[in-house]
Amino acid sequence: LVVWLVGTKVMPDPATKADFPEAFRVIAFAAAPGVLGIVTIIPILGWLLLFVIWLWSIAAMVVAVKQVLDYTDMFKAIIVVVIGFVAYLVVWGLMAMMMMGASIMSGAMGR
């Protein structure tokens with residue numbers, strides 16, 4: 001949602017005319033390499049493979065955003081992906097803090 005909003009409302013190119021379902025579908029395909037994250041169970045090598053998969057996903061996401069938003073400049077697609085990634089990290093961090101708080105509260109109430 002963030003990538004679509006930023007790409008179409010905040011930083012559109014003159015040719016940009018993507019709707020949300022189209023952008024969502026393309027971004028979901030770009031995230032597909034993340035399924036290979038199961039290889040992280042391999043000792044030592046798992047972290048290296050995870051890093052490679054992460055880079056692959058980011059590269060696929062940048063190309064996908066450039067294509068779906070009809071950008072002529074790759075740098076613009078990189079900026080949109082970075083903004084979306086920061087928004088993802090913020091939401092993930094808030095959820096982690098809420099889960100930690102719930103865990104602490106349930107532990108305190110059980111005493």
**Asked** What pairs meet the side-chain hydrogen bond (donor to acceptor under 3.5 Å, both in side chains) rule with one or both residues in residues 75-94, with sequence neighbours excluded?
**Response** D13-K76
**Pairs satisfying salt bridge (charged side-chain N to carboxylate O under 4.0 Å, His left out), at least one member in residues 48-60, at least two apart** = none
**Item:** Verify same cluster id: V63, V65 (apolar side-chain graph, 4.5 Å)
**Value:** no
**V3 versus G84, closest heavy-atom pair with distance** = CG2-CA, 4.1 Å
**Request:** Mind jotting down which residue pairs meet the salt bridge (charged side-chain N to carboxylate O under 4.0 Å, His left out) criterion with at least one end in residues 80-95? Sequence neighbours excluded, please.
**Result:** none
**Request:** Can you tell me which residue pairs pass the salt bridge (charged side-chain N to carboxylate O under 4.0 Å, His left out) test with a partner in residues 78-101, sequence neighbours excluded?
**Result:** none
**Message:** Would a single hydrophobic cluster contain both W4 and V62, if residues Ile, Leu, Val, Met, Phe, Trp and Tyr are joined by side-chain heavy-atom contacts under 4.5 Å?
**Reply:** no
**Message:** Given 3.5 Å as the limit, does a donor-acceptor pair link the side chain of T16 with the main chain of T8, or not?
**Reply:** no
**Prompt:** For V91, what are the other residues in its hydrophobic cluster, where any two members join if their side-chain heavy atoms are less than 4.5 angstrom apart?
**Reply:** M95, M98
**Message:** Which residues pass the side-chain contact (heavy atoms from CB on, under 4.5 Å) test with W54, not counting sequence neighbours?
**Reply:** F51, I58, F85
**Message:** Let me check something: do V68 and M11 share a hydrophobic cluster, defined by ILVMFWY side-chain heavy atoms less than 4.5 Å apart, either directly or through other members?
**Reply:** yes
**Fill in**
Applying side chain to side chain donor-acceptor pair (under 3.5 Å) to K66 and not counting sequence neighbours gives none
Can you list, pair by pair, the side-chain donor-acceptor contacts under 3.5 Å of residues 18-43, counting residues two or more places apart and other chains?
| from | atom 1 | to | atom 2 | distance (Å) |
| --- | --- | --- | --- | --- |
| D19 | OD1 | E22 | N | 3.3 |
| T40 | OG1 | G37 | O | 2.9 |

**Request:** State yes or no: do I83 and V80 share one hydrophobic cluster built from I, L, V, M, F, W and Y residues joined by side-chain heavy-atom distances below 4.5 Å, directly or via other members?
**Result:** yes
